[in-house]
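Everything quoted here is computed from the prediction, not taken from an experiment. When reading the values below, keep in mind they use all heavy atoms of this one structure, side chains included, and skip hydrogens, waters and symmetry mates. One is the number of the first residue; the rest follow in order along the sequence.
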Amino acid sequence: MTATVTEIWRHPIKSHGREKLESVTIAAGGTIPFDRLWAVAHERSQADGSEWVSCGHFCRVAKLPSLMAISAAFNEATGRITLRHPDVADITFEPDTDGAAFLDWVNALAPDDTLRPARLVKAQAQAFTDSDFPSVTLCNHASHRAVEQRVGNPLSHLRWRGNIWIDGLAPWEEFDWDGRDIRIGETILRVRERTDRCKSTHSNPDTGKRDADVLSALGSWGHQDFSVRAEVIQGGAIRTGDEVARV
């Protein structure tokens with residue numbers, strides 16, 4: 001069976017919404033455009049966007065499960081983003097100028113016993129991916145189905161917050177790609193590391209409630225990893241339906 005791209009996703013604000021795309025053009029050494037370009041610094045964070053910092057500086061689903069239920073639509077022409085969540089009214093705003101309105105909106109989703117959202121910061125050098133290099137996350141549907149079977153219940157694949165979803169591989173075949181080059185559409189990506197997972201995966205993307213012990217399921221294979229992070233070696237377009245193959 002030929003492996004193909006089934007879905008492409010980006011997350012304009014780290015941990016605060018997902019957006020489905022039909023195609024994307026990625027530059028060498030870059031990320032999916034506008035993916036994790038912004039992030040929400042919490043009240044103890046000194047992050048200002050001038051340099052890449054780890055996810056512990058930001059509000060994220062691992063600490064605020066309700067954030068998982070946010071969906072996003074980013075208008076590249078106007079620079080405005082619309083966020084939706086089942087528990088609050090939609091908001092449309094410009095991240096670079098309307099940060100205060102966004103913070104009012106998202107604070108309504110944050111419980112009192114957690115670090116509060118304090119600032120919306122924009123990446124000036126490198127996008128706020130969880131890797132310390134600009135990366136694209138590749139996810140395998142067969143591996144997701146294996147996790148579903150181990151958990152014993154259907155799970156939305158959106159809880160993994162990946163960029164490119166691929167079908168037609170064997171379960172966990174993507175882990176064999178470490179250090180290898182993969183052609184997807186017009187691009188070539190070099191897989192550099194597996195993606196270690198946290199409690200964010202326990203949250204349901206529809207409700208923002210924790211409903212599955214995904215980490216224990218992963219642990220039954222002797223790891224807590226899902227998906228791989230890749231560096232873009234050759235830029236170009238990726239579209240749903242594109243073939244995926246080792247170079």
Side-chain angles (χ1 to χ4, degrees), residues 1-14 17-37 68-77 81-84 127 129-131 133-149 154-195 197 201 204-206 225-247:
M1 181 177 178
T2 301
T4 57
V5 174
T6 61
E7 297 177 13
I8 304 168
W9 293 85
R10 69 179 172 192
H11 311 77
I13 303 175
K14 184 181 181 72
R18 58 193 173 268
E19 179 179 24
K20 191 175 184 180
L21 306 172
E22 292 302 317
S23 65
V24 68
T25 299
I26 312 175
T31 61
I32 288 179
F34 301 102
D35 185 54
R36 297 170 172 92
L37 181 60
M68 181 64 87
I70 300 174
S71 61
F74 181 66
N75 187 319
E76 296 183 22
I81 185 170
T82 297
L83 301 181
R84 297 180 174 87
T129 56
D130 284 341
S131 58
F133 63 94
S135 61
V136 175
T137 305
L138 310 180
C139 301
N140 179 357
H141 279 292
S143 300
H144 173 73
R145 289 189 286 266
V147 175
E148 281 186 313
Q149 291 175 353
L155 299 173
S156 169
H157 65 292
L158 299 180
R159 69 181 63 217
W160 302 110
R161 295 174 300 158
N163 292 130
I164 297 176
W165 277 91
I166 302 166
D167 212 357
L169 302 172
W172 311 115
E173 183 177 343
E174 66 277 21
F175 289 171
D176 297 333
W177 292 350
D178 189 30
R180 295 178 178 269
D181 289 353
I182 306 298
R183 182 181 295 278
I184 306 179
E186 298 174 355
T187 69
I188 296 177
L189 300 97
R190 182 165 299 156
V191 176
R192 290 187 49 178
E193 62 187 22
R194 287 153 58 155
T195 309
R197 293 297 176 166
T201 57
N204 187 310
D206 293 325
D225 302 335
F226 186 91
S227 76
V228 293
R229 297 170 180 147
E231 176 185 1
V232 182
I233 302 301
Q234 174 182 301
I238 297 177
R239 304 173 181 85
T240 54
D242 279 348
E243 185 175 344
V244 179
R246 290 184 182 180
V247 177

Legend entry - Euclidean distance, Lys20 NZ relative to Ser71 OG, rounded to 0.5 Å: 13.0 Å
Inset, instruction - Using the side-chain hydrogen bond (donor to acceptor under 3.5 Å, both in side chains) rule, pick out the option among His141, Glu148, Glu7, His144 that qualifies with His157. - result: Glu7
Legend entry - Spatial distance of atom CD (Glu19) from atom CD1 (Ile70) [nearest 0.5 Å]: 14.0 Å
Inset, instruction - Let me see the working for Ser131 and Glu193 under side chain to side chain contact (heavy atoms under 4.5 Å, CB included), right down to the final yes or no. - result: CA-CA 9 Å; Ser131 58; Glu193 62 187 22; 3.5 Å; yes
Inset, instruction - Might you point out which heavy atoms bring Val228 and Phe175 nearest each other, and give the distance in Å? - result: CG1-CD2, 3.9 Å
Legend entry - Minimum-distance pair of heavy atoms, taken over all atoms of Ser23 and Ile8: CA-CD1, 3.9 Å
Inset, instruction - Would you give the length of the straight line joining atom OG of Ser135 to atom CG of Leu189, rounded to the nearest 0.5 angstrom? - result: 10.5 Å
Legend entry - Asp206 versus Asn204, closest heavy-atom pair with distance: N-OD1, 2.7 Å
Inset, instruction - Mind running side chain to side chain contact (heavy atoms under 4.5 Å, CB included) on Leu138 and Ile164 for me, showing each step along the way? - result: CA-CA 5 Å; Leu138 310 180; Ile164 297 176; 3.9 Å; yes
Legend entry - Atom pair OG1 (Thr137) and CH2 (Trp165), whose distance is rounded to the nearest 0.5 Å: 10.5 Å
Inset, instruction - Check for a donor-acceptor pair, side chain of Arg159 on one end and backbone N or O of Pro205 on the other, with a separation under 3.5 Å. - result: no
Inset, instruction - Show your reasoning for whether side chain to side chain contact (heavy atoms under 4.5 Å, CB included) applies to Thr195 and Phe226. - result: CA-CA 6 Å; Thr195 309; Phe226 186 91; 5.9 Å; no
Inset, instruction - For Gln234 and Glu186, indicate whether the former's side chain and the latter's backbone hold a donor-acceptor pair under 3.5 Å. - result: yes
Inset, instruction - With sequence neighbours excluded, give me every salt bridge (charged side-chain N to carboxylate O under 4.0 Å, His left out) pair touching residues 162-183. - result: Arg145-Asp167, Asp181-Arg190
Inset, instruction - Measure from NZ or CZ of Arg10 to the centre of the six-membered ring of Phe74, then state whether that distance is under 6.0 Å and the direction lies within 45° of the axis. - result: no
Legend entry - Approximate separation, where rounding is to 0.5 Å, of Asn140 CG and Thr6 OG1: 9.5 Å
Can you give each donor-acceptor pair under 3.5 Å made by side-chain atoms of residues 25-36, sequence neighbours left out, with the distance rounded to 0.1 Å?
unit_1: Asp35; atom_1: OD1; unit_2: His11; atom_2: N; d: 2.7
unit_1: Asp35; atom_1: OD1; unit_2: His11; atom_2: ND1; d: 3.3
unit_1: Asp35; atom_1: OD2; unit_2: Asn163; atom_2: ND2; d: 3.3
unit_1: Arg36; atom_1: NH1; unit_2: His11; atom_2: ND1; d: 3.4
unit_1: Arg36; atom_1: NH2; unit_2: Arg161; atom_2: O; d: 3.1

Inset, instruction - Report the C-alpha distance between Trp9 and Leu158 in whole Å, list the side-chain angles of each, state the deciding distance to 0.1 Å, and finish with yes or no for side chain to side chain contact (heavy atoms under 4.5 Å, CB included). - result: CA-CA 9 Å; Trp9 293 85; Leu158 299 180; 3.4 Å; yes
Inset, instruction - Kindly compute the distance separating OG1 (Thr187) from CD1 (Ile238), expressed to the nearest 0.5 Å. - result: 3.5 Å
Inset, instruction - For residues Ala146 and Trp172, report the shortest heavy-atom separation together with the two atoms involved. - result: CB-NE1, 4.3 Å
Legend entry - Side-chain donor or acceptor of Arg18 paired with backbone N/O of Gly162 under 3.5 Å: no
Extract all donor-acceptor atom pairs below 3.5 Å that involve side chains of residues 240-247 and protein atoms in other chains or at least two apart in sequence.
unit_1: Thr240; atom_1: OG1; unit_2: Glu22; atom_2: OE1; d: 3.3
unit_1: Asp242; atom_1: OD2; unit_2: Arg239; atom_2: N; d: 2.7

